[in-house]
Participant: 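Input: one structure, supplied below.
Worth knowing before you read on, the calculation uses all heavy atoms, side chains too, and leaves out hydrogens, waters and symmetry mates. Chain naming here is simple, since letters A, B, ... match the order of the sequence lines and numbering starts at 1 in each.
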2 protein chains.
Amino acid sequence: MTDQSAKDNFRSYLATQGLKSTRQRDIILDEFLRAGAHLSTEELYLRLREQHPHIGYATVHRTLKLFAECGIAEPCHFGDGQTRYESSAGEEHHDHLICTDCGAIVEFENPQIEALQESVASQHGFLIERHRLELYGRCQQCQVFKNVVDTGRNERSSSR
Amino acid sequence: MTDQSAKDNFRSYLATQGLKSTRQRDIILDEFLRAGAHLSTEELYLRLREQHPHIGYATVHRTLKLFAECGIAEPCHFGDGQTRYESSAGEEHHDHLICTDCGAIVEFENPQIEALQESVASQHGFLIERHRLELYGRCQQCQVFKNVVDTGRNERSSSR
DNA sequence: GCTTAAATTGAAATTCAATTTCAAGAGGGT
DNA sequence: ACCCTCTTGAAATTGAATTTCAATTTAAGC
């Protein structure tokens with residue numbers, strides 16, 4: 001799914017649901033697609049505020065939920081108590097590797113694992129609708145740093 | 001890990017941390033082990049209140065966190081906005097199948113998936129510390145009911 | 001067994017993200 | 001332009017998690 005098709009998707013979703021296309025929604029979608037990463041409502045709101053201080057937090061929140069509803073964004077919960085949304089543009093389903101030290105997030109996909117999941121599910125009579133697989137550990141960089149100093153969270157650590 | 005070794009674990013954890021063994025902690029641990037399932041703080045609190053109305057919610061909350069710290073309980077987040085704790089007694093690591101209709105939770109383990117996870121992680125230079133795998137779908141029962149009536153959440157649905 | 005310092009408890013208050021409310025404003029069909 | 005409906009944004013609310021704090025309990029040392 002390209003950025004453009006994400007926009008088209010969103011427009012037609014709004015149309016079919018009797019919702020309206022607004023300036024704020026366009027701006028939020030643009031910024032969301034530009035950012036690319038796994039953003040929390042808070043983070044996207046802060047980014048938007050730089051150029052568009054008039055857009056409220058509640059609107060960002062509601063718009064992200066709309067993105068999720070129409071399938072152009074996927075909500076993720078990585079255990080830091082915030083909901084993040086990732087763009088579904090340009091990608092198939094994937095899972096995540098998360099560095100417990102610096103917070104880096106790497107995406108991966110592995111058809112063998114997916115196949116085994118199906119197999120496990122059918123053994124238990126389940127029909128899978130979706131799944132979540134997250135691997136938490138240390139990325140290469142943080143393993144290296146770990147050898148030098150071990151003072152808890154790595155100094156390279158990002159924002160949070 | 002048996003119930004008894006869980007208790008021993010907890011006791012020695014308290015000892016090494018300079019914490020105290022209290023009546024409330026004993027009661028909460030007993031009830032937690034007895035319940036067995038994936039309990040939220042709220043649920044455990046309510047269960048305890050029947051026999052021990054004097055035990056406060058905050059104490060249950062803090063005690064569950066202690067259980068997690070000393071490794072006799074594992075916190076789980078199944079997307080309903082509540083933290084659940086499952087006992088690590090008597091089991092190896094396992095993952096979850098969750099019915100999106102009736103809320104049933106089935107545990108499973110699959111060494112092949114685990115092995116593939118390690119493989120994926122090392123391809124990306126990660127050293128895994130822990131992981132989370134959850135498969136969401138419909139259990140057998142709910143697939144059957146689904147064929148009869150499709151009125152949203154299944155009538156057999158549990159508590160929540 | 002008593003004393004005492006330190007940890008614990010429980011009720012209430014607080015935090016924090018998520019969500020809702022509501023009056024004012026903006027889309028878009030006619 | 002009119003009007004109905006949806007949307008917006010600030011503020012209020014919710015709900016779970018967490019913290020506060022005075023009273024109580026634990027357990028270590030006499």
Participant: Evaluate the criterion salt bridge (charged side-chain N to carboxylate O under 4.0 Å, His left out) for residue pair B:Asp26 and B:Arg11; output intermediate values, then yes/no.
Facilitator: CA-CA 9 Å; B:Asp26 288 342; B:Arg11 277 189 181 281; 3.7 Å; yes
Participant: Is the A:His131 to B:Tyr136 ring centre distance short of 6.0 Å?
Facilitator: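 So the answer is no for these two rings.
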Participant: Between B:Tyr57 and D:dA16, is there a contact of a side-chain N or O with OP1 or OP2 at under 4.0 Å?
Facilitator: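 For B:Tyr57, the contact criterion (side-chain N or O under 4.0 Å from OP1 or OP2 of D:dA16) is not met.
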Participant: Please figure out whether A:Leu66 or A:Pro53 has its closest DNA chain D nucleotide nearer the 5' end.
Facilitator: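 The answer here is A:Leu66.
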Participant: C:dA18 phosphate, OP1 or OP2: any side-chain N/O from A:His61 under 4.0 angstrom?
Facilitator: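 No, no such contact exists.
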Participant: Which pairs of donor and acceptor atoms, one on a side chain in residues 54-67 of chain B, lie under 3.5 Å apart (sequence neighbours left out)?
Facilitator:
{"from": "B:Arg62", "atom 1": "NE", "to": "B:Ala58", "atom 2": "O", "distance (Å)": "3.4"}
{"from": "B:Thr63", "atom 1": "OG1", "to": "B:Thr59", "atom 2": "O", "distance (Å)": "2.6"}

Participant: State, yes or no, whether a side-chain contact exists between A:Ile72 and A:Tyr13 at a heavy-atom distance under 4.5 Å.
Facilitator: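 A:Ile72 vs A:Tyr13: side chains apart.
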Participant: For A:Glu42 and C:dT19, what is the distance between atoms CD and P respectively, to the nearest whole Å?
Facilitator: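 Distance check: A:Glu42 CD to C:dT19 P gives 14 Å.
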Participant: Expressed as a whole number of angstroms, how long is the span from B:Leu44:CG to D:dA17:C1'?
Facilitator: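 So the CG-C1' distance, B:Leu44 to D:dA17, works out to 15 Å.
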Participant: Figure out the CG/P separation between B:Leu48 and C:dG10, and round it to whole Å.
Facilitator: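 It works out to 10 Å between those atoms.
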Participant: For B:Ile128 and B:Ala121, which heavy atoms make the closest approach, and how far apart are they?
Facilitator: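 Answer, listing the atom of B:Ile128 first, then B:Ala121: CG1-CB, 3.4 Å.
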Participant: Which residues within residues 12-22 of chain A lie with some heavy atom under 4.0 Å of an atom in DNA chain C?
Facilitator: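 Residues of residues 12-22 of chain A under 4.0 Å from DNA chain C: A:Lys20, A:Ser21.
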Participant: From the list D:dT8, D:dA16, C:dT9, which nucleotide is the closest neighbour of the side chain of A:Thr59?
Facilitator: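 Ranking D:dT8, D:dA16, C:dT9 by closest atom to the A:Thr59 side chain puts D:dT8 first.
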Participant: Quick check on C:dT9: is either OP1 or OP2 less than 4.0 Å from any side-chain nitrogen or oxygen of B:His54?
Facilitator: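 It does not, given that no N or O in the side chain of B:His54 lies less than 4.0 Å from OP1 or OP2 of C:dT9.
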Participant: Please determine if a side-chain N or O atom of A:Arg25 lies less than 4.0 Å away from the OP1 or OP2 oxygen of D:dT8.
Facilitator: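 For D:dT8, OP1 or OP2 has a side-chain N or O of A:Arg25 closer than 4.0 Å.
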Participant: What is the distance, to the nearest angstrom, from the OH atom on A:Tyr45 to the P atom on C:dT19?
Facilitator: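 Nearest whole value for this atom pair: 17 Å.
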Participant: Is any side-chain N or O of B:Arg23 under 3.5 Å from a base N or O of D:dT24, one able to act as donor and the other as acceptor?
Facilitator: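 Per atom types, no contact qualifies.
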Participant: Tell me the interatomic distance from A:Arg11, atom CZ, to C:dG28, atom C1', rounded to whole angstroms.
Facilitator: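 The answer, rounded to whole Å, is 13 Å.
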Participant: What integer distance in Å separates B:Arg84:CZ from D:dG15:P?
Facilitator: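 Answer to the nearest Å: 16 Å.
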Participant: Kindly write out the residues that satisfy side chain to side chain contact (heavy atoms under 4.5 Å, CB included) with B:His77, not counting sequence neighbours, or none if the list is empty.
Facilitator: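 Scan of B:His77 (side chain to side chain contact (heavy atoms under 4.5 Å, CB included), adjacent residues dropped) gives B:Thr83, B:Arg132.
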Participant: Taking the side chain as everything from C-beta on, heavy atoms only, tell me whether B:His94 gets closer than 4.5 Å to B:Phe108.
Facilitator: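 Side-chain contact under 4.5 Å: no.
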Participant: Look at the side-chain N and O atoms of A:Thr41 and state whether any lies under 4.0 Å from the OP1 or OP2 oxygen of C:dA17.
Facilitator: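 For C:dA17, OP1/OP2 do not have a side-chain N/O of A:Thr41 under 4.0 Å.
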Participant: Please state whether the phosphate of C:dA18, meaning OP1 or OP2, lies under 4.0 angstrom from any side-chain nitrogen or oxygen of A:Thr83.
Facilitator: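 Yes.
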Participant: Could you tell me whether the phosphate oxygens of C:dG10, OP1 or OP2, come under 4.0 Å of any side-chain nitrogen or oxygen in B:Gln24?
Facilitator: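 Yes, B:Gln24 has a side-chain N/O under 4.0 Å of OP1/OP2 on C:dG10.
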Participant: Give the rounded distance in Å between these two atoms: NZ of A:Lys65 and P of D:dC6.
Facilitator: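 Taking NZ of A:Lys65 and P of D:dC6, I get 18 Å after rounding.
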Participant: Do you know which two heavy atoms are closest between B:Arg138 and B:Cys99, and how far apart they sit?
Facilitator: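 Taking B:Arg138 first and B:Cys99 second, the nearest heavy atoms are CA-SG, 3.9 Å.
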Participant: Just the rounded figure in Å: distance from P of D:dT7 to CD1 of A:Ile28.
Facilitator: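 It works out to 12 Å between those atoms.
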